[in-house]
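Below: one structure, written as C-alpha cells.
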Amino acid sequence: MDIKEIEEVIKNTDEKELKMDWTRTWSKKYPVLANYQQVVDIEIYAQKIREMLDDLTRVYHYNKLDSMLVLKDILYHEWKGN
C-alpha cells in the first residue's frame, strides 16, 4: 500500500470500523497487547494520560478527540526518536 491508498482507507472509515476492537486486532501481531492488562498498573498511567489530555484541552482549547490525536502523535514521535 502506498500513502495515497492509506489516506483513502482512512477517509472511508465508517462507524462500524470505528467500533472495532483494535487492541484485539493488533494483539495478533503484538501479543503484549493481549495480556498487559493483567501485569501493568494501568490506573497509574491512565491518570497521567488523563492529566495530559486535560492540559491539552485547557491550554490549547482542543476538543477531546483532537487532544487524544495530538498526544498520540507526540507519543509516536518520541518513540520513533528513541
Side-chain angles (χ1 to χ4, degrees):
M1 261 189 171
D2 68 10
I3 193 72
K4 292 292 183 193
E5 290 173 316
I6 293 169
E7 289 173 347
E8 192 63 29
V9 168
I10 291 169
K11 187 175 89 175
N12 293 325
T13 300
D14 64 14
E15 288 298 315
K16 183 179 178 184
E17 291 168 328
L18 292 174
K19 294 178 182 178
M20 184 172 185
D21 184 347
W22 289 106
T23 301
R24 195 174 105 232
T25 301
W26 278 103
S27 69
K28 293 173 183 160
K29 183 171 183 175
Y30 303 106
V32 68
L33 295 175
N35 60 23
Y36 78 90
Q37 298 88 347
Q38 289 79 36
V39 179
V40 174
D41 186 351
I42 295 170
E43 187 52 38
I44 290 172
Y45 296 96
Q47 180 181 353
K48 292 176 183 181
I49 291 168
R50 280 193 301 273
E51 289 170 4
M52 290 186 283
L53 288 168
D54 290 346
D55 192 57
L56 284 166
T57 301
R58 185 181 67 259
V59 173
Y60 299 100
H61 308 288
Y62 291 139
N63 62 37
K64 289 173 82 172
L65 176 60
D66 288 348
S67 293
M68 184 276 302
L69 292 169
V70 168
L71 189 57
K72 181 193 79 59
D73 197 58
I74 292 168
L75 178 63
Y76 169 74
H77 286 283
E78 283 299 306
W79 175 78
K80 185 178 175 186
N82 291 323

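In this structure, T23 has no side-chain hydrogen bond (donor to acceptor under 3.5 Å, both in side chains) partners at least two apart in sequence or on a different chain.
Rounding to the nearest 0.5 Å gives a distance of 14.0 Å between CD of Q47 and CD1 of I42.
Counting only residues at least two apart or in different chains, side chain to side chain donor-acceptor pair (under 3.5 Å) contacts with residues 29-42 are absent.
The two atoms that bring N63 and D66 nearest to each other are OD1-N, 2.7 Å, heavy atoms only.
Between I44 and K48 there is a side-chain heavy-atom pair separated by less than 4.5 Å.
Linking ILVMFWY residues whenever their side-chain heavy atoms come closer than 4.5 Å, directly or via other members, places V40 and W22 in the same cluster.
The residues E43 and R50 are annotated as salt-bridged, a charged nitrogen and a carboxylate oxygen being separated by less than 4.0 angstrom.
Apart from Y60 itself, the hydrophobic cluster it occupies contains I49, M52, L53, L56, V59, Y62, L65, M68, L69, V70, L71, I74, where clustering links Ile, Leu, Val, Met, Phe, Trp and Tyr at side-chain heavy-atom distances under 4.5 Å.
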